[in-house]
Amino acid sequence: MFQQRSNLFTGPPRMSTPVSVAGRPPRWVSRRRIFEQNLSELHKCRNLAHVKKFFAQILKSDRHLDPQMAAKLVSAFSLCHQMGLAVKVFAQFDEPNTHLYNMLIRAYVKNSQASKAFETFWRMQINGVPADNFTYPFLLKGCSGESCLHLVQMIHTHVEKFGFFADIFVPNSLIDTYYKCGQLGISAAKKLFSVMEERDTVSWNTMISGLARYGELAEARRLFDEMPMRDTISWNAILDGYVKAGDMNAAFQLFEKMPERNVVSWSTMVSGYTKVGEIDMARMMFEMMPVKSVVPWTIIISGYAQKGLAKEAIMLYDQMEEAGVIIDYGTVISILAACAESGLLGLGQKVCTSIQRTGLKCTTSVLNALIDMYAKCGRSDEALRIFNRMPEKDAVSWNIIIHGLAAHGYAGKALELFDRMKQDNFEPDEVTFIGVLCACTHGGFVDRGLDYFLEMQKAYGIVPKIEHYGCLVDLLGRGGRLKEALDLIHSMPMEPNAIIWGTLLGACRVHDDSNTTEVLGRLIVLDNYDSGNFSTLSNICSAARDWDSAASVRLQMRSSGIQKPSGVSSIDVDDEVHEFTAFDMSHTESNDIYKIVDTIRMDLGETLLGHGSRHQ
DNA sequence: CTAGGGTTAG
């Protein structure tokens with residue numbers, strides 16, 4: 001089963017002979033000394049050129065057969081994402097020792113190949129090489145998600161059997177990993193913590209942040225109050241809990257009480273205020289920060305961008321660059337996502353330029369974020385250009401481009417790409433089909449959409465989620481097949497939510513189907529308190545001149561305390577965002593704007609009624 | 001081994 005060991009670098013192993021330095025000029029000797037000094041740091045070296053240079057030297061002196069040296073090489077190669085080379089170094093050994101196995105396991109995990117890490121672990125077991133207290137934390141780093149729970153439990157059993165709980169790192173990383181395994185991991189984490197004989201600050205902090213992440217704030221707070229020694233991490237963990245729960249008042253109170261605050265504490269507050277929409281408070285916190293890193297800059301810029309406040313976002317972005325802050329993956333992905341959401345093409349292009357200027361590595365994720373930004377900002381051409389040229393697409397790339405094209409009316413092109421995706425052997429997933437159904441909706445291909453919905457289940461075994469039913473309701477609804485849409489809602493295996501009803505309501509409004517509206521009117525008041533739906537419903541009633549019903553819906557809204565914020569449309573012209581509400585006359589150029597809107601309406605009317613091109 | 005920002009979805 002195991003690969004034949006081969007000596008790929010130097011031919012058959014030779015006896016190691018120390019390189020003599022005698023008789024060399026002093027300069028060489030000193031270089032040699034520097035080489036040896038740097039060699040001791042080799043396992044931390046992230047520069048591939050340097051690592052290769054060292055590697056050449058090591059090969060020359062046959063020291064790659066020294067397990068200690070080989071372990072360093074494996075580690076260095078993994079940092080440079082050269083798993084092929086790391087494996088080759090490892091494969092030089094007939095009987096790798098525990099340390100070498102550990103380094104390979106860690107290498108796989110760091111390069112997101114957790115399954116290979118576990119394969120290595122099994123191989124270690126079969127070959128009778130004992131694991132040690134380092135092996136388990138490395139393996140655990142590769143576990144996350146519900147599917148990993150059984151693996152973590154298996155590791156837990158191993159650890160118990162071989163008595164590695166003595167090293168506090170082991171139970172600590174077990175607790176941490178249990179929390180990464182979803183709801184089911186929580187009780188396991190609690191149980192382990194309760195039986196631990198010794199706990200250090202990390203153990204307590206891991207528990208607190210885990211509980212806070214899952215919203216068990218009271219429990220987290222109890223541990224926080226109970227723990228013997230609190231450090232800044234403990235305070236930050238509980239602070240993060242309040243922020244995640246959206247309770248900025250509690251967060252602020254705690255923040256004020258903190259004995260010391262670091263960049264993370266301040267950033268957590270900035271991010272919290274951003275998330276609850278209090279961008280001015282976020283800005284104040286940001287300005288008050290004594291030290292800023294790239295993270296808070298990213299948070300505040302993304303915050304403005306998300307709100308569509310292009311001018312402020314761009315000003316801050318320029319300030320950040322002037323301050324010499326170096327952008328990283330997080331910055332790029334976070335800001336581009338915000339630009340995509342709000343349609344801020346200007347800022348998105350700035351980020352694109354910065355990527356090129358700083359030479360930030362264009363990973364698939366970075367390119368995906370760029371493509372999504374261009375597509376959502378209406379630049380399908382640029383999105384497609386990058387997509388076509390990207391060296392390694394993943395399923396997400398395909399999903400983004402398909403949905404991007406679909407949402408902007410290029411239904412045919414989107415479906416064409418869906419076919420190409422399958423030809424290129426990418427397995428469509430549940431997100432892909434959202435884009436595909438969206439394409440059918442926008443292209444008016446109702447029956448074809450229904451076929452895809454079946455294909456999704458039959459050919460790919462995807463169980464439709466409520467989002468898919470939402471697409472389907474939209475597809476049928478916009479296609480005027482309201483009865484089928486309503487039947488679909490009734491036959492869904494899950495409870496319809498406000499989004500589903502809203503979609504159908506929207507269709508009723510367009511197609512003026514008062515029968516369905518009646519059914520909906522009854523259903524919607526039962527259990528879906530969505531302000532948008534109430535207001536659509538009342539609009540439908542008004543449009544049907546059923547003033548009594550319209551009034552009763554409005555009344556019901558008021559009595560249930562629902563307020564509908566007015567809908568706005570916005571347009572970004574030279575990074576100035578212009579907002580419009582219905583019957584809005586506040587814009588300085590309102591008259592001209594409405595004239596153009598009327599022209600467009602007439603053009604649309606002609607097209608919809610099939611009068612053909614007016615150039616005929 | 002623990003703390004802040006991280007791409008796709010009506």
Side-chain angles (χ1 to χ4, degrees), chain A residues 133-134 136-138 140-141 167-177 179 200-210 212-213 231-241 243-244 262-272 274-275 293-303 327-338 340-341 363-373 375-376 394-404 406-407 429-435 437-438 441 465-475 477-478 497-500 502-504 506:
Chain A
N133 48 332
F134 286 91
Y136 299 104
F138 291 158
L140 287 167
K141 261 260 138 152
D167 181 1
I168 192 85
F169 271 63
V170 177
N172 283 355
S173 48
L174 261 172
I175 292 177
D176 179 47
T177 317
Y179 277 118
D200 65 0
T201 311
V202 174
S203 328
W204 287 92
N205 287 348
T206 310
M207 284 298 291
I208 293 169
S209 78
R213 267 204 304 269
D231 62 7
T232 310
I233 295 182
S234 331
W235 284 89
N236 285 345
I238 203 89
L239 187 70
D240 190 46
V243 163
K244 288 235 161 72
N262 62 13
V263 195
V264 176
S265 332
W266 286 94
S267 304
T268 306
M269 292 302 286
V270 175
S271 134
T274 302
K275 276 182 189 138
S293 73
V294 65
V295 174
W297 280 103
T298 303
I299 298 170
I300 193 75
I301 295 168
S302 306
I327 57 164
D328 64 7
Y329 294 86
T331 315
V332 165
I333 286 170
S334 172
I335 298 181
L336 285 176
E341 199 180 313
T363 57
T364 302
S365 319
V366 167
L367 291 173
N368 284 349
L370 262 175
I371 294 170
D372 191 42
M373 184 278 294
K376 293 247 173 70
D394 61 11
V396 174
S397 323
W398 288 96
N399 291 351
I400 288 171
I401 197 76
I402 290 171
H403 193 270
D429 63 15
E430 53 188 50
V431 181
T432 318
F433 280 96
I434 302 227
L437 293 173
C438 176
T441 302
K465 303 218 301 199
I466 192 146
E467 287 87 349
H468 297 106
Y469 286 103
C471 290
L472 228 50
V473 171
D474 200 26
L475 179 78
R478 282 184 205 258
N497 57 16
I499 296 169
I500 299 277
T503 308
L504 185 59

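Both backbone and side-chain heavy atoms feed into the values below; hydrogens, waters and symmetry mates do not. Every chain is numbered from 1 and lettered A, B, ... according to where its sequence line falls, protein lines coming before strand lines.
- The nearest whole Å value for the distance from the CZ atom in A/Arg478 to the P atom in B/dG10 is 11 Å.
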Take A/Asn368 and A/Asn399, measure what side-chain hydrogen bond (donor to acceptor under 3.5 Å, both in side chains) needs, and give me the verdict at the end.
CA-CA 10 Å; A/Asn368 284 349; A/Asn399 291 351; over 6 Å; no

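- Counting to the nearest Å, the P atom of B/dT7 and the CD atom of A/Glu341 are 11 Å from each other.
- In this structure, A/Lys141 reaches the B/dT2 phosphate: one of its side-chain N or O atoms is under 4.0 Å from OP1 or OP2.
- Using a 4.0 Å heavy-atom distance criterion, A/Thr331 is classed as a base contact.
- A/Tyr329 comes within contact range of no nucleotide atom at all, as no heavy-atom separation falls under 4.0 Å.
- The base of B/dG4 lies close enough to the side chain of A/Ser293 for a donor and an acceptor atom to sit less than 3.5 Å apart.
- Of all nucleotides listed (B/dA9, B/dG10, B/dT8), B/dT8 comes nearest to the side chain of A/Asn399.
- When distances are taken from the side chain of A/Thr503 to each of B/dT7, B/dC1, B/dG10, the shortest belongs to B/dG10.
- Between A/Ile333 atom CD1 and B/dG6 atom C1' there is a gap of 5 Å when expressed in whole angstrom units.
- Nucleotide B/dT2 holds its C1' atom 14 Å from the CG atom of A/Leu174, rounded to whole Å.
- No contact: A/Pro171 has no heavy atom under 4.0 Å from any strand.
- Closest to the side chain of A/Ile233, from the set B/dC1, B/dG4, B/dA3, is B/dA3.
- Counting only residues at least two apart or on different chains, the salt bridge (charged side-chain N to carboxylate O under 4.0 Å, His left out) pairs with a member in residues 231-241 of chain A are A/Asp240-A/Lys244.
- In terms of heavy-atom proximity, A/Ser293 sits nearest to A/Trp297 at O-CD1, 3.1 Å.
- A donor-acceptor pair under 3.5 Å is formed between the side chain of A/Ser173 and the backbone N or O of A/Val170.
- Here B/dA9 is the nucleotide among B/dT7, B/dA9, B/dG5 with the atom lying nearest to any side-chain atom of A/Ile434.
- Contacts of A/Asn262 with the nucleic acid, taken as non-hydrogen atoms under 4.0 Å apart, include base atoms.
- For A/Asp328, whose side chain is taken as the heavy atoms from C-beta onward, the closest listed nucleotide among B/dT8, B/dA9, B/dG5 is B/dG5.
- Of the candidates B/dT7, B/dC1, B/dG4, the closest approach to any side-chain atom of A/Asp372 belongs to B/dT7.
- The base of B/dG4 lies close enough to the side chain of A/Ser267 for a donor and an acceptor atom to sit less than 3.5 Å apart.
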Do A/Ser334 and A/Ser302 pass the side-chain hydrogen bond (donor to acceptor under 3.5 Å, both in side chains) test, and can you show the C-alpha distance, the side-chain angles, and the key distance before you say yes or no?
CA-CA 6 Å; A/Ser334 172; A/Ser302 306; 2.9 Å; yes

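- Whole-Å rounding puts the A/Met373 CE to B/dT8 P distance at 13 Å.
- With distances taken from any side-chain atom of A/Val202 to the nucleotides B/dA3, B/dT2, B/dG10, the minimum falls on B/dT2.
- Rounded to an integer number of Å, the gap from CG of A/Asp167 to P of B/dT2 is 14 Å.
- Residue A/Val263 is in base contact, counting any heavy-atom pair closer than 4.0 Å across all strands shown.
- Between A/His403 atom NE2 and B/dT8 atom P the separation is 11 Å, expressed in whole Å.
- For A/Ser271 against B/dG4, a side-chain-to-base donor-acceptor contact under 3.5 Å is absent.
- In this structure, A/Ser302 reaches neither bases nor backbone, as no heavy-atom distance under 4.0 Å exists between it and the strands shown.
- Closest approach to the A/Asn172 side chain among B/dC1, B/dA3, B/dG5 is made by B/dC1 (side chain taken as heavy atoms from C-beta onward).
- A/Ala340 and A/Met373 get closest at one heavy-atom pair: CB-CA, 3.8 Å.
- Residue A/Lys376 places at least one side-chain N or O under 4.0 Å from the OP1 or OP2 atom of B/dA9.
- Comparing atom distances between the A/Lys244 side chain and each of B/dA9, B/dA3, B/dG4 picks out B/dG4 as nearest.
- Of the candidates B/dG4, B/dG10, B/dG5, B/dG5 carries the atom nearest the A/Val294 side chain, counting heavy atoms from C-beta on.
- Look at CE on A/Met269: it is 15 Å from P on B/dG4, rounded to the nearest Å.
- A/Phe433 meets the ring-ring contact (aromatic ring centres under 6.0 Å, His included) test with A/Phe418, A/Tyr460; sequence neighbours excluded.
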